[in-house]
Engineer: 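This is the structure I have questions about; it appears just below.
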Amino acid sequence: MLYALLCLLALAGAAAAAAAPNARPCASADSASAYPFCDASLSIPARARALVSLLTLDEKIAQLSNTAGGVPRLGVPPYQWWSESLHGLADNGPGVNFSSGPVRAATAFPQVILSTAAFNRSLWRAVAGAVATEALGMHSTGQAGLTYWAPNINIFRDPRWGRGQETSGEDPAVAAAYSLEYVKGFQGDYGEEGRIRLSACCKHYTAYDMEKWKGFSRYTFNAKVTAQDMEDTYQPPFKTCIQEARASCLMCAYNQVNDVPMCARKDLLQKTRDEWGFKGYITSDCDAVAIIHENQTYTTSDEDSIAIVLRAGMDLNCGSFLVRHTKSAIEKGKIQEQDIDRALFNLFSVQLRLGIFDKLNDNRLGPSNVCTAKHRELAAEAVRQGAVLLKNDNGFLPLKGSEVRHVAVIGPSANDAYAMGGDYTGVPCNTTTFFKGMQAYVAQTTFASGCKDVSCNSTDLFGEAIEAAKAADIVVVVAGLNLTEEREDFDRVSLLLPGKQMNLIQTVASVTKKPLVLVLLGGGPVDVSFAKHDPRIASILWLGYPGEVGGQVLPEILFGKYNPGEKAGYDLVP
Ligand SMILES: *[C@@H]1O[C@H](CO)[C@@H](O)[C@H](O)[C@H]1NC(C)=O
Ligand SMILES: *[C@@H]1O[C@H](CO)[C@@H](O)[C@H](O)[C@H]1NC(C)=O
Ligand SMILES: *[C@@H]1O[C@H](CO)[C@@H](O)[C@H](O)[C@H]1NC(C)=O
Ligand SMILES: *[C@@H]1O[C@H](CO)[C@@H](O)[C@H](O)[C@H]1NC(C)=O
Ligand SMILES: *[C@@H]1O[C@H](CO)[C@@H](O)[C@H](O)[C@H]1NC(C)=O
Ligand SMILES: *[C@@H]1O[C@H](CO)[C@@H](O)[C@H](O)[C@H]1NC(C)=O
């Protein structure tokens, strides 16, 4: 009876420990003395090696997935390596969870292509620092991890690319500068033995800028890159991200480069350690190992795929492929246990540098550090600094507040909170759409969508837009792209505005009292030469994907509270 009761208590204790967010094996005095990996007087490499030496083969294999298994007998909790933070905390990875816990939203900063257009390194670093603060606040409640798979520092060379919006554009020097500011702002200052508060990841290594386009797919694409293009274009951001910014993670891409899958390119992966001094972990993109055999038929068996990536230097597999097939790779003699030990050493080293196993420090951040007024203002600042005025006939902007009584805001995205963030957006704190933001400025603001959605396949709703435009003093048409046109796993097929959007703009332009203002959304380039030459379109303002404060900032710009300047042809000194 007593024994049964004790067992029950022990079970209850174990359940409570498992449920506690961020359980820490080395937090108590007992465990710290019991295990060398908890001994803070040892170096981090010594602690990492000590932990590896305690594990059985099965326990080791369970560490090779982003959803890493725990080791209950040592008090090591399971860990989710995959959290996302491209331009704010995002729930694309399982590590960030907005639906359970006190934190229900996080600041949605503008998509990276817009912040980049500020050409302001202090701004980039400040935004990364704010995202890191929110990540730590959300981590404190167990709703987010400490390892993030951002920034995306690929070169936006192909204008069709659905993920170009996530990057800092086509210039390798700008992408390198952005990577430096993001990683330093996010990881924080290097402490003793390379301690960091959070881990950032340089992705996706390398020569990746296509998703899915007319039968081609990123999963099987073979990028042909000359040695010169490699050095001039694709390597610089990664070199800076590793060597100067000292990122603690690198992600290998799905695609092949010159006939070899990137996660199997031992030469390119090893180079980061041998020449750039990389000391972090290398993760695959999600399921990038499984496809090496199944889809690229580069190897002849799953076990061969595992051997080739572990020998190339990859440490972690996003997905469950290594968990499922590594045992058999060992049994078939394709790899040795020390190939796994090497990977685990890198993984545990990063966890130790993050202090994941150690006692919490007292001055940690919490939910009150997420969605702060300060972060909202920084997000607004990023939109103001990044906005680009492409056309402004006869100084049409700024508008004079005293002369504007009635504004019409027209376009399918003009009152759509879901069109503001671009991809890798989580749950924003409080989105202001363009319509709502304008209404706060000019009480008599009307809205008409003009098209059912951004694809704009019909003219059915044009009539309503025409009526709204006729009645207003000033007409603002919000046009451009959305994730329905460009996103992960989906490239564009045309550089023109989608569907009948051009038709909508021209129809509205023909009935307005004054020339209209065209606001363009999207990450990829859009050919609007028709608008450039049309005198009925006075001004064109590019706003990328402005995030949750876009609608607040638009009227500030239109009414001259903030002057976006003329950045076309701006000198690109970072
Ligand atoms: C968030 O966590 C809850 C509770 O653990 C779970 O039910 C839900 O599926 C998680 N959501 C996501 C998006 O992972
Ligand atoms: C760059 O951004 C920072 C942070 O928002 C700001 O304080 C600074 O004025 C900006 N610099 C320029 C040249 O606009
Ligand atoms: C890879 O091939 C498998 C098996 O044919 C298929 O089920 C899967 O959809 C393919 N994956 C990709 C990403 O193409
Ligand atoms: C959201 O922002 C609007 C201004 O755009 C403000 O009026 C409102 O109070 C805010 N709501 C919350 C819940 O913060
Ligand atoms: C924009 O894309 C999002 C995500 O696909 C979708 O939910 C939303 O309805 C789209 N908005 C418009 C106006 O097309
Ligand atoms: C709009 O038309 C295009 C081209 O005909 C088509 O690919 C797309 O699926 C349509 N979109 C919607 C939302 O109907």
Side-chain angles (χ1 to χ4, degrees), residues 18-19 21 66-67 78 80 82-84 89-104 109-111 115-130 138 141-145 162 165 177 181 185 374-387 409-428 431 433-435 447-458 461 478-490 497-501 504 521-523 545 553 562-565 567 570-571 573-574:
N66 64 293
T67 307
Q80 179 53 258
W82 182 10
S83 290
E84 295 281 354
L89 291 170
D91 47 11
N92 301 63
V96 173
N97 190 326
F98 287 105
S99 57
S100 73
V103 181
R104 294 294 159 133
F109 290 89
Q111 183 57 290
S115 302
T116 306
F119 294 105
N120 180 349
R121 298 175 78 133
S122 331
L123 175 80
W124 301 338
R125 188 176 294 214
V127 169
M138 208 161 162
T141 64
Q143 292 177 266
Q165 55 177 299
E181 302 306 334
K374 198 172 144 216
H375 291 169
R376 188 175 170 90
E377 173 53 23
L378 181 61
E381 186 56 25
V383 181
R384 294 176 196 127
Q385 292 189 30
V409 180
I410 293 169
S413 294
N415 196 27
D416 179 12
Y418 298 103
M420 306 299 271
D423 65 2
Y424 286 76
T425 298
V427 179
T431 300
T433 66
F434 296 113
F435 169 56
F447 160 71
S449 69
C451 307
K452 188 166 124 290
D453 51 29
V454 164
S455 306
C456 195
N457 281 349
S458 120
L461 300 176
V478 179
L481 310 177
N482 186 14
L483 296 185
T484 49
E485 313 298 312
E486 53 174 358
R487 62 176 182 270
E488 187 159 17
D489 218 15
F490 191 82
L497 285 170
K500 301 190 189 302
Q501 282 196 31
L504 172 70
L521 298 184
Y545 290 110
V553 175
Y562 185 82
N563 181 355
K567 290 188 209 160
Y570 194 80
D571 190 11
V573 181

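None of these values were measured; they are calculated from a predicted model. Each ligand, and each atom within it, is numbered from 1 in the order the structure gives.
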Engineer: Given Ser455 and Glu485, is the side-chain hydrogen bond (donor to acceptor under 3.5 Å, both in side chains) satisfied, shown in steps?
Structural biologist: CA-CA 7 Å; Ser455 306; Glu485 313 298 312; 3.2 Å; yes
Engineer: Could you tell me whether some N/O pair between Gln385 and ligand 2 is separated by less than 3.5 angstrom?
Structural biologist: yes
Engineer: Any side-chain heavy atom of Gln165 within less than 4.5 Å of one from Leu483?
Structural biologist: yes
Engineer: State whether any protein heavy atom lies less than 4.0 Å from atom 2 (O) of ligand 1.
Structural biologist: yes
Engineer: Distance to 0.1 Å, residue and atom name: give those for the protein heavy atom nearest to atom 6 (C) of ligand 5.
Structural biologist: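 Result for atom 6 (C) of ligand 5: Asn482 ND2, 4.2 Å.
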Engineer: Does a side chain donor of either Tyr424 or Gln111 reach within less than 3.5 Å of an acceptor in the other side chain?
Structural biologist: no
Engineer: Tell me, which protein residue and heavy-atom name are nearest atom 7 (O) of ligand 5, and how many Å apart are they?
Structural biologist: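 Closest protein heavy atom to atom 7 (O) of ligand 5: Tyr418 CB, 4.0 Å.
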Engineer: Report, in ascending order of atom number, the atoms of ligand 5 lying under 4.0 Å from any heavy atom of Pro412.
Structural biologist: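 Answer for ligand 5: 13 (C).
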Engineer: Without swapping roles, check the side chain of Asp453 against the backbone of Cys456 for a donor-acceptor pair under 3.5 Å.
Structural biologist: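 Checked: pair present.
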Engineer: Which of the numbered atoms in ligand 2 are below 4.0 angstrom from a heavy atom of Glu381?
Structural biologist: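 Result: 5 (O).
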Engineer: Determine yes or no for a side-chain-to-main-chain donor-acceptor pair under 3.5 angstrom, with Arg104 supplying the side chain and Ser99 the backbone.
Structural biologist: yes
Engineer: Check whether any protein heavy atom sits under 4.0 Å from atom 11 (N) of ligand 1.
Structural biologist: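 Given the 4.0 Å limit, the answer for atom 11 (N) of ligand 1 is yes, a protein heavy atom qualifies.
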Engineer: Considering non-hydrogen atoms of the protein only, which is the closest contact for atom 4 (C) of ligand 5, and what is the distance?
Structural biologist: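 Closest protein heavy atom to atom 4 (C) of ligand 5: Leu483 CB, 4.2 Å.
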Engineer: Going by the atom numbers of ligand 1, which of them fall below 4.0 Å from some non-hydrogen atom of Ser100?
Structural biologist: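 Result: 1 (C), 2 (O), 3 (C), 4 (C).
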Engineer: Hey, which atoms in ligand 5 end up nearer than 4.0 Å to a heavy atom of Asp453?
Structural biologist: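 With Asp453 as reference, the close atoms of ligand 5 come out as 14 (O).
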Engineer: Strictly distance-based, threshold 3.5 Å: is any side-chain N or O of Glu84 a donor or acceptor partner for the main-chain N or O of Asp91?
Structural biologist: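 No, Glu84 side chain to Asp91 backbone: no donor-acceptor pair under 3.5 Å.
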Engineer: Checking Ser83 side chain against Ala144 main chain: does a donor-acceptor pair fall under 3.5 Å?
Structural biologist: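 Looks like no, no N/O pair under 3.5 Å.
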Engineer: Ignoring hydrogens and geometry, is there a side-chain-to-backbone donor-acceptor pair from Glu486 to Gly522 under 3.5 Å?
Structural biologist: no
Engineer: Using a strict 4.0 Å cut-off to heavy atoms of Ser99, name the atoms of ligand 1 that fall inside it.
Structural biologist: 1 (C), 11 (N)
Engineer: Under 4.0 Å from a heavy atom of Asn97: which atoms of ligand 1 are those, numbered in the order shown and with their elements?
Structural biologist: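 Those atoms are 1 (C), 2 (O), 3 (C), 8 (C), 10 (C), 11 (N), 12 (C), 14 (O).
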Engineer: Tell me whether Asn120 has any N or O atom under 3.5 angstrom from an N or O of ligand 2.
Structural biologist: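 Yes, at least one N or O pair falls under 3.5 Å.
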Engineer: Can you list the ligand 2 atoms lying under 4.0 Å from a non-hydrogen atom of Leu123?
Structural biologist: 2 (O), 5 (O)
Engineer: For atom 14 (O) of ligand 2, is there a protein heavy atom at a distance under 4.0 Å?
Structural biologist: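 When distances to the protein are checked, atom 14 (O) of ligand 2 has a heavy atom within 4.0 Å.
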Engineer: Within the distance-only criterion (no hydrogens, no angle test), does the side chain of Gln501 pair as donor or acceptor with the backbone N or O of Val454 below 3.5 angstrom?
Structural biologist: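 The answer is yes, because a donor-acceptor pair under 3.5 Å joins these two groups.
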Engineer: Considering only heavy atoms, which of Leu481, Val454, Asp416, Thr484 lies nearest to atom 9 (O) of ligand 5?
Structural biologist: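 Shortest heavy-atom distance from atom 9 (O) of ligand 5: Asp416.
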Engineer: So Lys374 and Glu381, salt bridge (Lys or Arg N to Asp or Glu O under 4.0 Å) or not? Walk me through it.
Structural biologist: CA-CA 10 Å; Lys374 198 172 144 216; Glu381 186 56 25; over 6 Å; no
